[in-house]
**Student:** 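Dumping the structure here so I can ask a few things about it.
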2 protein chains.
Amino acid sequence: MGRAPTFDAAAVVRAARDVFWAHGYEEASLPDLESATGLSRSSIYHAFGSKRGLFDAAVTSYLDDVTRPRLRPLTAEHVAPDALAAYLSSLRDALTAAGSPAAAHGCLLLNASGAPVAHDPAVRATVAAYRDELRAGIGRGVAARHPDLPAAEQDRLAEACTALVVAALLVVRVDPDAAARSLDAATGLAAA
Amino acid sequence: MGRAPTFDAAAVVRAARDVFWAHGYEEASLPDLESATGLSRSSIYHAFGSKRGLFDAAVTSYLDDVTRPRLRPLTAEHVAPDALAAYLSSLRDALTAAGSPAAAHGCLLLNASGAPVAHDPAVRATVAAYRDELRAGIGRGVAARHPDLPAAEQDRLAEACTALVVAALLVVRVDPDAAARSLDAATGLAAA
DNA sequence: CCGATTCTGTACCGGACGTTCCACAACCTA
DNA sequence: TAGGTTGTGGAACGTCCGGTACAGAATCGG
């Protein structure tokens with residue numbers, strides 16, 4: 001067989017994910033990733049093939065450990081009528097909590113959508129798929145809150161809420177207050 | 001006196017602005033700017049001091065020639081009741097017109113807000129000021145459309161519309177359809 | 001026409017980047 | 001214990017970056 005790795009792959013990916021989250025793909029340098037993961041370049045390249053390979057693993061970790069858990073009440077089999085309001089509220093808390101990664105850096109994936117790495121169609125597809133997950137969950141939350149509304153009206157509402165959530169995640173880095181107001185606007189729409 | 005410049009400064013700034021618009025500050029390399037402007041490094045540095053100086057001139061050109069003209073109906077002395085709807089519609093057209101710079105690259109300034117150059121407080125202030133201009137114009141549009149609404153309600157509406165416009169400008173690069181839906185949501189809110 | 005001043009092109013600098021190479025250390029199987 | 005396989009560290013590579021130095025060309029006032 002040969003020698004076994006001396007590191008915990010999952011922990012390495014989490015550490016790298018936080019670096020990419022904080023700095024973005026391009027500005028996360030290999031020295032940054034080396035010191036954050038405790039691995040040397042060779043080990044990184046041996047385990048992940050390239051900086052991009054490590055980034056892909058970090059994105060998977062981000063989706064599985066960060067975004068999907070918060071979205072779960074909107075993706076479970078039964079969605080409570082107040083699940084959407086609770087989701088918006090918890091996201092608002094995360095975006096206004098001093099020191100939280102989300103407050104400081106927004107969304108790893110949406111940030112990447114504006115960066116050079118988004119030239120890669122695979123990255124764009126990942127971002128689009130993430131937005132679709134968000135939109136689907138919010139759609140189910142709207143349906144649970146307003147079951148008697150016409151489908152077209154539900155769609156309009158869900159679309160507006162999704163756009164406001166995306167807006168909040170995109171602007172939180174540069175204007176946290178605006179992000180909070182954006183989520184408040186979404187909450188107001190969803191409750192009406 | 002000495003030798004006179006052989007180039008048209010305004011045209012040079014416009015060319016540089018388009019490069020920054022398309023590629024962002026960091027990814028606009030000096031060779032890119034040289035070929036787009038027709039100037040060599042020496043002339044650029046002589047005229048603008050640094051890459052950053054050229055960027056600042058490009059931002060000014062962007063605000064004066066791109067964003068403010070479209071916003072004008074909302075900043076003029078008298079604002080028509082349908083000025084906001086017209087603004088949203090014209091922005092939607094710009095973001096869906098194949099080949100237009102806005103459709104392909106969104107907003108030069110908002111794109112910069114997520115880039116490393118935004119670490120500079122001056123750049124962040126410029127972005128915030130731009131958002132304030134947008135917010136103020138939309139606020140006047142809301143007031144013209146719904147003069148009898150309570151001020152607090154007008155503010156909520158204007159805030160939501162501004163967030164949806166910002167969201168559209170930020171996501172258009174990666175998902176033009178989502179940008180259009182975001183503006184449609186804003187139009188729906190403003191009309192109601 | 002002369003000299004000062006200003007613009008412009010070429011070559012170059014130091015530094016950072018992602019990636020690769022190579023020698024060596026560690027572990028498995030036989 | 002020997003041989004093959006795999007993980008690890010460190011040095012090196014080629015490339016690109018923004019910025020600068022310098023020499024020459026162009027145009028001014030006198």
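Worth saying up front: this structure is predicted, and the values here are computed from it rather than measured. The figures here come from the full heavy-atom set of this structure, side chains too, leaving out hydrogens, waters and symmetry mates. Below, chains carry the letters A, B, ... as their sequence lines are ordered, and counting in each starts from 1.
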**Student:** Is any NZ, NE, NH1 or NH2 atom of the basic residue among A:Arg68 and A:Asp64 found under 4.0 Å from an Asp or Glu carboxylate oxygen of the other?
**Tutor:**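 Result for this pair is yes, salt bridge flagged.
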**Student:** In whole angstroms, how far is the P atom of C:dT6 from the CZ atom of B:Phe7?
**Tutor:**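 Result: 15 Å.
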**Student:** Give the rounded distance in Å between these two atoms: OH of B:Tyr45 and C1' of D:dC22.
**Tutor:**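 These atoms are roughly 17 Å apart.
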**Student:** Give every pair of a protein N or O atom and an N or O atom of nucleotides 9-11 of chain D that lie under 3.5 Å apart, one pair per line with the distance.
**Tutor:**
residue : atom : partner : partner atom : Å
D:dG9   : OP2  : A:Ser40 : OG           : 3.4
D:dG9   : N7   : A:Ser42 : OG           : 2.3
D:dG9   : O6   : A:Ser42 : OG           : 3.2
D:dG10  : O6   : A:Ser42 : OG           : 2.9

**Student:** Is any side-chain heavy atom of A:Trp21 closer than 4.5 Å to a side-chain heavy atom of A:Val66?
**Tutor:**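 Touching, per the 4.5 Å side-chain cut-off.
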**Student:** Please examine the side chains of A:Glu26 and B:Glu26, heavy atoms only from C-beta on, and report whether any two atoms are closer than 4.5 Å.
**Tutor:**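 B:Glu26 does not reach A:Glu26 side chain to side chain.
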**Student:** Quick one: A:Leu54 CG to C:dG18 P, roughly how many Å, whole number?
**Tutor:**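 One finds 11 Å between P of C:dG18 and CG of A:Leu54, rounded.
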**Student:** Minimum heavy-atom separation for A:Lys51 and A:Ala28, please, with both atom names.
**Tutor:**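 Minimum heavy-atom separation between A:Lys51 and A:Ala28: NZ-O, 2.9 Å.
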**Student:** Going by ring pair (Phe, Tyr, Trp, His ring centres under 6.0 Å), name the residues that satisfy it together with B:Phe55, two or more places apart in sequence or in a different chain.
**Tutor:**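 Counting only residues at least two positions away or on another chain, B:Phe55 forms a ring pair (Phe, Tyr, Trp, His ring centres under 6.0 Å) with B:Phe20, B:Tyr25.
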**Student:** Near DNA chain D, which residues from residues 11-34 of chain B have a heavy atom under 4.0 Å away?
**Tutor:**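 Within residues 11-34 of chain B, the residues near DNA chain D are B:Ala28, B:Ser29, B:Leu30, B:Pro31.
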**Student:** Inspect the contact between A:Asp155 and A:Arg135 and indicate whether a charged nitrogen and a carboxylate oxygen are less than 4.0 angstrom apart.
**Tutor:**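 Looking at A:Asp155 together with A:Arg135, the answer is yes, because their closest N to O distance falls below 4.0 Å.
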**Student:** Rounded to the Å, how far apart are B:Lys51 NZ and D:dC17 P?
**Tutor:**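 Interatomic distance, NZ of B:Lys51 to P of D:dC17: 9 Å.
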**Student:** With the threshold set at 4.0 Å, does a side-chain nitrogen-carboxylate oxygen contact exist between B:Glu153 and B:Arg156?
**Tutor:**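 B:Arg156 and B:Glu153: salt-bridged.
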**Student:** Measure NE2/B:His46 against P/C:dT5 and give the value in whole Å, please.
**Tutor:**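 My rounded result for the distance is 13 Å.
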**Student:** Under a 4.0 Å threshold between the charged nitrogen and the carboxylate oxygen, would B:Arg17 count as salt-bridged to B:Asp65?
**Tutor:**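 Looking at B:Asp65 and B:Arg17, the cut-off is met.
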**Student:** Rounded to whole Å, how long is the line connecting atom CZ of A:Phe48 with atom P of D:dT8?
**Tutor:**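 Rounding to the nearest Å, CZ of A:Phe48 and P of D:dT8 are 11 Å apart.
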